[in-house]
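Read through the structure below, which is laid out as structure tokens, and then see the notes.
Bear in mind that the values here come from a model prediction, so they are computed numbers and not experimental data. Proteins get letters first, then strands, A, B, ... in listed order; numbering begins at 1 in each.
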Amino acid sequence: MTRVLEIRLPRDFSFRHTVASHGWYDLPPFEHKERSPELTYVFAPTKRDRAITATIRKERGTLKIALSSKPRDAERIARGVAHILRLDEKMSEFYATLENDDRLAWIVGANAGRLLRSPSVWEDLVKTICTTNCSWALTKKMVGNLVEKLGEPAADGRKSFPTPQAMAEQDADFFREEIRAGYRSPYFAELAAAVASGELDPESWLHSELPTADLKKELKKVKGVGDYAAENLLKLIGRYDGLALDSWLRARFYKTHNDGRKCADKKIAKFYSKFGEWQGLAIWCDMTERWFK
DNA sequence: GCGTCCAGGTCTACC
DNA sequence: GGTAGACCTGGACGC
């Protein structure tokens, strides 16, 4: 390692609850071992820098970030780490909605609620499509193939997530045969071409002034993005109005709050409606509480 | 070994 | 707007 950055942490930040908040830490170019104080991520190359591996370690009230090579633009890496871990996100409003809820009070005590995300919406978008209609094992296989076959190597040999340009150079057959993306293959080819050409800018969704319902419609224009995927992406963007119900979340709700019996989505929505625009975060924290026991 | 089911759903056609 | 059927892969399971 040739360079170490340091970031001061907000007081209400939990490294463990943020890194393990959902499965992203298990998908490359993230690396993390359960309960380890370290998270590794490989940042994609830019015009100024090659791909750089950042090994992020919590030490008391700071993050120490060891880099695989000395960057020309260290600020980009620091901003990226802050974005990944949502260091700038104000959690107080969410925590205020939990004040009179005995069941979810643990969230405030644990400083939970920050959801791990990628440095780019592009990466989160592609990964989310990889989670749809398949097992987690297949999601890992598809994302692993994308990184291995189209990522750029850092000095330590680890590879970054492919850029839109790198994916746009491939056709649907490549995604089908090499990535094993199945029916998603033409979706990836079309999406990458749109983003690489500038026709579509997923990063603009982060700062969109559209109401969430309208932004969700924009997201659903991307082939392969339906209700679940759009609401999951909105959570990663920082909008928690939607529940992003999938088969796993539904099954957890049935078991936790409905005696193991199936019920309509409307009943789940009613259960969390009191949390308003934070309901998507409330259900996620509620259903994943056992991960941290 | 083989067939079936289904998993962190979505798209299209049709009504 | 709601619904049925098709769509890919690969691991788990029963036989």
Exercise for review: Could you work out which one of B:dG9, B:dG8, B:dC11 sits closest to the side chain of A:Y183?
Suggested key: B:dG9
Practice item. State, without any angle test, whether A:T53 and A:R158 hold a side-chain donor-acceptor pair at a distance under 3.5 Å. Key: no
**Study point:** Length of the CG-P vector between A:N133 and B:dC11, whole Å
**Key:** 11 Å
Exercise for review: Measure from NZ on A:K221 to C1' on B:dC11 and round the result to the nearest Å.
Suggested key: 17 Å
Review point. What is the base-pairing partner of C:dT3, counting Watson-Crick and G-U wobble geometry with both distances under 3.5 Å?
Key: B:dA13
**Study point:** Which residue lies more 5' along DNA chain B, comparing A:Y187 with A:C134 via nearest heavy atoms
**Key:** A:C134
Point to revise | Contact under 4.0 Å: A:K220 side-chain N or O vs B:dC11 OP1/OP2 | key: no
Check your understanding: Rounded to the Å, how far apart are A:N232 CG and B:dG9 P?
Key -> 11 Å
Check your understanding: Can we say A:D101 and A:K274 salt-bridge, meaning some charged N sits less than 4.0 Å from an Asp/Glu carboxylate O?
Key -> yes
**Study point:** Rounded interatomic separation in angstrom, taking CG from A:L27 and P from B:dG8
**Key:** 13 Å
Exercise for review: Specify the separation, in whole Å, of atom CD of A:E231 and atom C1' of B:dG8.
Suggested key: 14 Å
Review point. Reckon A:R180 has a side-chain N or O less than 4.0 Å from the OP1 or OP2 of C:dG10?
Key: yes
Point to revise | Side chain of A:S247 - closest among B:dG9, B:dC11, C:dG10 | key: B:dG9
Point to revise | Stacking of A:W136 on B:dG8 base (centres under 5.5 Å, planes under 30°) | key: yes
Check your understanding: So does A:K159 pair up with A:E148, basic N to acidic O under 4.0 Å?
Key -> yes
Exercise for review: Flag the pair A:W106 / A:W291 as yes when their ring centroid distance falls below 6.0 Å, and as no otherwise.
Suggested key: no
Exercise for review: If B:dG8 has a Watson-Crick or G-U wobble mate with both distances under 3.5 Å, name it; if not, just say none.
Suggested key: none
Check your understanding: Starting at NZ of A:K127 and ending at P of B:dG9, how long is that distance when rounded to a whole Å?
Key -> 18 Å
